[in-house]
Amino acid sequence: MALHLFNTLTQRVDDFTPSDGHTVRMYTCGPTVYNYAHIGNLRTFTFQDLLRRWLRSHGWQLDHVMNITDVEDKIIRNAAAEGKTIFEYTDGYTKAFLEDAARLRLERPERIAKATDHIREMAGLIGQLSAKGYTYTSDGSVYYRISNFPGYGKLSHSDFGGIRPGARVDVDEYEKDDARDFVLWKAAKSGEPSWDTCVGNGRPGWHIECSAMAMKYLGETLDIHAGGIDLVFPHHENEIAQSEAVTGKPFARFWVHSEHLFVESKKMSKSAGNFYTLRELEAMGHAPETIRYLLLSVPYRQKLNFTMDGLKAAATSIARLRGFALRLKTDRLGDGRDEAMTSRTAEARKAFDAALDDDLNSAAALGAIFEYVRDANSALDAAAFLSGNATEALALLDRFDSVFDVLRPTSEGGLSDAEIEKRIAERTQAKKARDFERADSIRAALLETGVILEDTKDGVRWKRK
RNA sequence: GGCGCGGUAGCCAAGUGGUAAGGCCAAGGUCUGCAAAACCUUUAUUCGUCGGUUCGAUUCCGACCCGCGCCUCCA
């Protein structure tokens with residue numbers, strides 16, 4: 001089955017296949033490290049992780065580059081306010097971002113590229129643009145002249161010809177020839193970091209780093225370029241203008257953009273008090289995989305309403321899936337396999353794959369899994385589920401978890417398995433002696449430490465909360 | 001003003017020209033020493049509103065209402 005992806009460039013769902021048939025060359029816009037990542041940033045990166053994993057499940061290799069923007073206005077301002085160099089300032093947030101990503105089980109891209117490590121490449125690209133007549137200089141800064149690039153606007157599907165009534169124009173940028181022109185290289189200012197390069201002393205504009213780093217590592221035409229929806233304009237539009245003016249080739253075949261999220265039905269903002277970082281949510285007692293589940297449960301092109309109720313529902317949903325997995329491993333099943341169940345499992349897998357192939361429809365994929373879980377639980381109750389079926393069911397759950405990755409609990413310490421087994425044995429003795437009071441108090445004590453007991457016909461089953 | 005997105009049960013949410021997946025929550029039941037888990041039943045004659053096309057529309061078209069995004073830094 002073919003993977004279909006919505007391409008912002010064509011405004012259609014198109015069949016995706018890597019251009020060389022086996023390796024997907026993907027570039028994603030990573031964080032600007034001037035603060036901790038908030039839950040909205042993390043939605044974008046969690047979606048990109050889903051995309052990565054699903055591409056791999058098609059058997060393709062990945063060559064994925066993510067940038068870290070570590071030089072930019074806010075960074076310079078904040079670092080100065082704290083009396084730090086930009087490097088001292090961004091190091092901590094870069095590290096924090098990588099930690100958050102790991103907590104959320106985001107696979108590490110094949111390459112993480114920092115802007116400040118690629119100043120030379122950026123300057124080189126600007127030099128090429130100048131040689132081809134796409135730039136002009138004003139007060140020592142270098143600007144891109146968009147009127148020289150006929151394709152400008154093709155990604156955001158905007159017509160930039162003529163007057164734009166109502167559009168707000170930054171009045172500070174009076175030195176530009178046209179309001180749409182953007183800066184490639186900013187002339188050095190005292191008190192700001194700067195680099196001495198072939199295009200002068202200064203620092204790069206925002207957009208040039210992605211063009212330079214993407215082409216350096218992945219070539220002139222990427223298979224996929226992804227980012228948040230807000231980057232379509234101007235960031236990605238400008239990347240296209242920079243890259244294609246130099247190469248004359250399409251910069252990326254597929255442009256994939258994820259929607260933003262709301263928190264408690266409101267736009268996230270610091271003043272609204274609904275601006276969450278992963279650390280804050282974890283401190284409130286939410287497991288990282290619960291957050292991951294909620295972020296993945298709504299298809300990426302839909303706005304996602306991130307709520308505390310939603311987190312609670314996500315945690316319960318995960319518990320249901322874990323309960324099913326545990327049951328598959330602990331129920332005593334008859335030998336062989338039930339053919340009807342075997343084909344039901346195959347059907348579920350097909351539905352799961354088809355949903356993700358359909359532009360990463362994660363909600364439909366979850367639907368396929370839960371429908372299956374109900375059917376399988378019924379069959380288990382009815383003893384119409386044999387050991388061979390359990391093997392197949394666990395394989396399906398593995399496939400599910402190879403992309404969703406929520407079944408493994410984040411370990412938090414607590415009692416060892418042996419200690420838990422010992423308490424359970426004590427409780428079983430008490431039950432045999434019909435000392436239910438003691439049995440119940442052992443169960444309650446274990447629950448206090450986060451261990452849940454379930455009595456089944458096949459004995460006691462336990463799990464960590 | 002320009003361009004674009006969304007409005008499906010209490011909440012989240014999929015979906016299709018042929019009569020509404022799934023999850024959470026809630027109520028009742030089966031099972032159980034009690035729980036828990038699991039299962040069963042109930043929960044939208046209806047998909048923002050009003051028209052149109054059609055044998056038939058939630059799904060297509062039009063108008064309108066509501067919420068939101070981008071056009072300026074932004075995941």
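Heavy-atom basis, side chains included; hydrogens, waters and symmetry copies ignored. Below, read A as the first sequence line, B as the second, and so on, with proteins coming before strands; counting in each chain starts at 1.
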Extract from the structure each pairing of a protein N or O with an N or O of nucleotides 66-70 of chain B at less than 3.5 Å, listing the distance.
none

Could you go over nucleotides 23-31 of chain B and give all protein N or O partners under 3.5 Å, atom names and distances?
residue: B:G23; atom: O2'; partner: A:Ser317; partner atom: OG; Å: 2.2

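Contact check, A:Asn377 against B:A37: no side-chain N or O comes under 4.0 Å of OP1 or OP2. Contact between the side-chain N/O atoms of A:Asn305 and the OP1/OP2 oxygens of B:C12 is found at a separation under 4.0 Å. Put simply, A:Trp462 has no side-chain N or O that comes within less than 4.0 Å of OP1 or OP2 on B:A37.
Relative to the side chain of A:Arg327, the nucleotides B:A75, B:A37, B:A38 differ in distance, and B:A38 lies closest. Listed nucleotides: B:A13, B:A75, B:A36. Nearest to the side chain of A:Pro299: B:A13. Distance from the side chain of A:Ala364 is smallest to B:A14 among B:A75, B:C34, B:A14.
Shown here are the ring pair (Phe, Tyr, Trp, His ring centres under 6.0 Å) partners of A:His225, two or more places apart in sequence or in another chain: A:Tyr27, A:His236, A:Phe251, A:Trp255. Listed by chain and residue number, nothing satisfies the ring pair (Phe, Tyr, Trp, His ring centres under 6.0 Å) test with A:Phe324 (two or more places apart in sequence, or in another chain). The side chain to side chain donor-acceptor pair (under 3.5 Å) check on A:Arg292 picks up A:Asp49, with sequence neighbours excluded. For A:Phe370, there are no ring pair (Phe, Tyr, Trp, His ring centres under 6.0 Å) partners two or more places apart in sequence or in a different chain.
B:U58 and B:U19 have their C1' atoms separated by 10 Å, given to the nearest Å. With C1' as the reference atom, B:U41 and B:C34 are 24 Å apart, rounded to whole Å. Between B:U30 and B:G23, the distance separating the two P atoms is 23 Å to the nearest Å. Here the separation of B:U43 from B:G52, taken at their P atoms, is 32 Å to the nearest Å. Using atom P as the reference point in both B:G6 and B:G62, the two lie 15 Å apart (nearest Å). Separating the C1' atom of B:A9 from that of B:A44 is a span of 5 Å, rounded to the nearest Å. B:G67 and B:A57 have their C1' atoms separated by 24 Å, given to the nearest Å. Atom C1' of B:U8 sits at a distance of 11 Å from the matching atom of B:U59, rounded to the whole Å.
Looking at A:Gln242, its side chain never comes within 3.5 Å of a backbone N or O of A:Ser211 through a donor-acceptor pair.
With hydrogens and angles left out, the side-chain atoms of A:Asp458 and A:Thr330 include no donor and acceptor closer than 3.5 Å. In this structure, a donor-acceptor pair under 3.5 Å is absent between the side chains of A:Asp70 and A:Tyr93. A:His38 and A:Thr277 share no side-chain donor-acceptor pair at under 3.5 Å.
At a cut-off of 3.5 angstrom, counting only N and O atoms as typed in the model, there is no donor on one side facing an acceptor on the other between the side-chain of A:Arg301 and the base of B:C5.
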Check against side chain to side chain contact (heavy atoms under 4.5 Å, CB included), A:Thr449 and A:Ile420: CA-CA 10 Å; A:Thr449 71; A:Ile420 293 164; 6.0 Å; no

Candidate pair A:Glu192 and A:Lys186, rule side chain to side chain contact (heavy atoms under 4.5 Å, CB included), full reasoning: CA-CA 11 Å; A:Glu192 286 193 352; A:Lys186 299 186 180 184; 5.9 Å; no

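Summarising the geometry, the separation between CD1 on A:Ile442 and C1' on B:A36 is reported as 17 Å, rounded to the nearest angstrom. Taking atom CD1 of residue A:Ile318 and atom C1' of nucleotide B:G22, one finds them 16 Å apart after rounding to whole Å.
Using a 4.0 Å heavy-atom criterion, one finds that A:Leu380 contacts no nucleic acid atom at all.
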